[in-house]
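Report on the following structure.
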Amino acid sequence: MYGNDVIDPNEPLNAAETPDYDAAAEHDDQRDGRDAVGDDFDALLAADQRIEPRDAMPDDYRETLIRQIAQHAHSEIIGMQPEGNWITRAPSLRRKAILIAKVQDEAGHGLYLYSAAETLGIDRQELLDRLHNGKQKYSSIFNYPTLTWADCGAIGWLVDGAAIMNQVPLCRCSYGPYARAMIRVCKEESFHQRQGFEILWNLMRGTESQQAMAQDAADRWWWPALAMFGPPDTGEAAKGGHTEQSMAWGIKRFSNDDLRQKFVDMTVPQAEKLGLTLPDPDLRWNEERGHWDFGEIDWDEFWQVLRGDGPCNAERIEHRRRAHDEGAWVREAANAYAAKQATREREQQQKESAA
Ligand code: FAQ
């Protein structure tokens, strides 16, 4: 596993390496009680059984899942851009091979997630249209630029680390296809997070300017990574949010603030190991709470990015639309090939049944 040569491999570096993940993955097998429960939505939820595409479900539950899974899928494919920017400039062949594999994994995650969303009765093209015309969001984090090679390290360590913290509980989401996709996605993200940690580890053991580059990347990615978990659970910013309902439906298992705290608690000791200073003067261990206290997130900046006004929003969507248009011939060719194969198979079957 990447990063094993720089830190004790038995020490969990992200949430997919903790017993929480193992418990969630195990939960995947616990779908055998449904005969006793029946297929009533509320009864299935109460018994902590999975809702499957064939089950009746309230319209709002379906819409919430389409919104969240689509936002997640869009984040994976837009999330290919910041690091994709460094593939041609990665500092060695090893780094280039690793980065290509990572970016390709993100594409794969997008595909699992679009497939999971399609089981809710929505067409993939419709989801992409909603991304391209701004009706659906993607994660705020991907609207920040990757200015140096160290940013690839910071994305792996912090952005993948935050994504995994959020996604391990989604392995226990009440909707089966989403939960099952998450089990695999989290395992793959775990490699990504270790490779980011290893990039920073090596830079921090390099020259003074390499250390400064790593510190600058940590300074720029820390706060946006904390904001990734979404608006706070309480106060004005929580109004109109989805957490309460999504938790009642077993889609979300923890609130945004709880996951953010878990992430801070896991990451601060890692920053110390790396030798990086996190850019928060209020960061201190609170003995009474048993958690790290941290400073105020700039929620104005978060909402500004969500409104489309972040450093790279326009560039990301423009690039995405262009890639989609330029890929039209590939989709047409794949459809033509599939149609030809289907015709051949049908003709073969007709021949066999006539014989
Ligand atoms: N960015 O009430 P809540 C990755 C919106 S994958 C943009 O808390 P909810 C892998 C939210 O949609 C990263 N918008 O909403 C990778 C809602 O607006 P709406 C993506 C955000 O849904 C790594 C409003 O604010 N992961 O990184 C954000 O219950 C490296 C109110 O918020 C997922 O999508 C945000 N950060 O909770 C790839 C995980 N936060 O829709 C490449 C699945 C909130 O009403 C490289 N999603 N909003 O217009 C979730 O867990 C949830 O949807 C949350 C938000 C936690 C993101």
Those residues at least two apart in sequence (or on a different chain) that pass side-chain hydrogen bond (donor to acceptor under 3.5 Å, both in side chains) with D20 are none
Report task. Side-chain contact test, heavy atoms from C-beta onward, threshold under 4.5 Å: evaluate it for Y21 versus I164 and give yes or no. Result -> no
Output for pair (I87 CD1, Q104 CD), nearest 0.5 Å, gives 9.5 Å
Does E287, at its CD atom, have more than 12 non-hydrogen atoms belonging to other residues, nucleotides or ligands within less than 6.0 Å? no
Note: G79 and E83 closest approach over all heavy atoms is O-OE1, 4.0 Å
Are any non-hydrogen side-chain atoms of R130 and Q125 less than 4.5 angstrom apart?
no
Taking atom CG as the centre, does D325 end up with more than 12 heavy-atom neighbours from other residues, nucleotides or ligands that are less than 6.0 angstrom away? yes
Item to complete: Go through D105 and H192 one step at a time and tell me if the side-chain contact (heavy atoms from CB on, under 4.5 Å) criterion holds.
Response: CA-CA 9 Å; D105 279 356; H192 299 174; 2.8 Å; yes
- Message: Before you tell me yes or no, could you show the steps for K351 and E345 under salt bridge (Lys or Arg N to Asp or Glu O under 4.0 Å), namely the whole-Å CA-CA distance, both residues' side-chain angles and the distance that decides it to 0.1 Å?
- Response: CA-CA 10 Å; K351 258 192 221 155; E345 268 169 37; over 6 Å; no
Student check: side-chain heavy atoms of S139 and M228 closer than 4.5 Å:
yes
Does the side-chain contact (heavy atoms from CB on, under 4.5 Å) test come out yes or no for R220 and T148, once each step is laid out?
CA-CA 11 Å; R220 283 181 291 106; T148 69; 4.2 Å; yes
message = Under a 4.0 Å threshold between the charged nitrogen and the carboxylate oxygen, would D55 count as salt-bridged to R62?
response = no
Apply side-chain contact (heavy atoms from CB on, under 4.5 Å) to S115 and R124, showing your working.
-> CA-CA 8 Å; S115 297; R124 186 175 305 208; 3.2 Å; yes
inquiry  = Between R346 and Q341, does the side-chain hydrogen bond (donor to acceptor under 3.5 Å, both in side chains) criterion hold? Intermediate values first, please.
reply    = CA-CA 9 Å; R346 223 177 15 251; Q341 288 297 102; over 6 Å; no
Closest non-hydrogen atoms of I77 and G110, given as atom of the first, atom of the second and distance, are CG2-CA, 4.2 Å
Pairing of R95 and E198 as salt bridge, 4.0 angstrom limit: yes
* Is a salt bridge present between E11 and K273, judged by a nitrogen-to-oxygen distance below 4.0 Å? -> yes
- Taking atom types as modelled, is there a side-chain donor on H74 or Q136 under 3.5 Å from an acceptor on the other? yes
Sequence neighbours excluded, the answer for side-chain hydrogen bond (donor to acceptor under 3.5 Å, both in side chains) partners of N286 is D293
Aromatic ring pairing H109/Y112, orientation class (parallel under 30°, perpendicular over 60°, tilted between): tilted
Distance col, row N166:CG vs L259:CG, nearest 0.5 angstrom, shows 6.0 Å
Side chains of H242 and Q68, donor plus acceptor under 3.5 Å | no
### Message
Membership question, hydrophobic clusters at under 4.5 Å side-chain separation (ILVMFWY): are W303 and W223 in the same one?
### Response
yes
Problem - Non-hydrogen side-chain atoms of V185 and E76 separated by less than 4.5 Å - result: yes
- Establish, for the pair R331 and W329, whether the NZ or CZ atom is under 6.0 angstrom from the six-membered ring centre and no further than 45 degrees off its axis. no
Margin query: Taking the basic N atoms (NZ, or NE/NH1/NH2) and the acidic carboxylate oxygens, is any pair closer than 4.0 Å for E244 and K252?
Written below: no
query = Under a 4.0 Å N-O cut-off, is there an ion pair linking E106 with K102?
reply = yes
Atom CD of E352 with >12 non-hydrogen neighbours under 6.0 angstrom: yes
Value for SG (C312) from CD1 (I78), rounded to nearest 0.5 Å, stands at 11.5 Å
Q: Kindly work out whether a path of hydrophobic side-chain contacts (I/L/V/M/F/W/Y, heavy atoms less than 4.5 Å apart) joins W299 to F229.
A: yes
Exactly one candidate in R322, R321, R316 meets salt bridge (Lys or Arg N to Asp or Glu O under 4.0 Å) with E318; the answer is R322
(message) With no hydrogens and no angle check, just 3.5 Å: does a side-chain donor-acceptor pair link R260 and S255?
(response) no
- With under 30° as parallel and over 60° as perpendicular, where do the rings of F263 and W222 fit, or are they tilted in between? parallel
Hey, does P177 have a side-chain heavy atom less than 4.5 Å from the side chain of P53?
-> yes
Pair Y178-H72, side-chain donor/acceptor within less than 3.5 Å: yes
Pair Q193, D160: side-chain N/O donor-acceptor within cut-off below 3.5 Å:
no
Tightest non-hydrogen contact, residues S140 and L306, listed as CB-CD1, 3.8 Å
Any side-chain heavy-atom pair from Q210 and R205 closer than 4.5 angstrom? no
(message) Test of understanding: clusters of I, L, V, M, F, W, Y form through side-chain heavy atoms closer than 4.5 Å, transitively. Do L111 and I66 belong to the same one?
(response) no
Tell me, do P232 and N256 make a side-chain contact under 4.5 Å, heavy atoms counted? no
Between the CG atom in L200 and the CG atom in L274, the distance rounded to the nearest 0.5 Å is 6.0 Å
No-hydrogen, no-angle side-chain donor-acceptor test under 3.5 Å, Q81 and N85: no
What one should report as the nearest heavy-atom pair of F254 and K262 is CE2-CE, 3.8 Å
Is there a path of hydrophobic side-chain contacts, each under 4.5 Å between heavy atoms, that joins L158 and L147? no
Distance col, row W157:CH2 vs T267:OG1, nearest 0.5 angstrom, shows 6.5 Å
No-hydrogen, no-angle side-chain donor-acceptor test under 3.5 Å, T119 and Y175:
yes
| Just by modelled atom types, is the Q350 backbone N or O under 3.5 Å from a matching donor or acceptor in the S353 side chain? | yes
For A248 and L45 the tightest heavy-atom approach is O-CD1, 4.2 Å
(Q) Are V264 and L283 packed together at the side-chain level, in the sense that at least one heavy-atom pair is separated by less than 4.5 angstrom? (A) yes
Hey, any chance I100 and W86 share a hydrophobic cluster, counting ILVMFWY side chains that come within less than 4.5 Å of each other, even indirectly?
yes
### Flag, side chain of N143 to backbone of G310, donor-acceptor distance under 3.5 Å
no
Interatomic distance, CE@M80 vs CZ@F142, rounded to 0.5 Å, equals 11.5 Å
Discussion item. Check this for me, if you would: do R67 and E63 make a salt bridge, where the nitrogen-to-carboxylate-oxygen distance has to be below 4.0 angstrom?
Written reply: no
Item to check | Side-chain H-bond candidate by donor/acceptor type, D219 with Q215, under 3.5 Å | outcome: yes
Scanning both residues in full, the closest heavy-atom pair of D265 with W292 reads OD1-N, 3.0 Å
- Show the numbers, then the answer: is there a side-chain contact (heavy atoms from CB on, under 4.5 Å) between M213 and E208? CA-CA 9 Å; M213 186 165 72; E208 251 176 51; over 6 Å; no
* Asked: Are more than 12 heavy atoms from other residues, nucleotides or ligands located less than 6.0 Å from atom CD of E126?
  -> yes
*Do D151 and T146 get their side chains close enough for a donor-acceptor pair, meaning under 3.5 Å?*
no
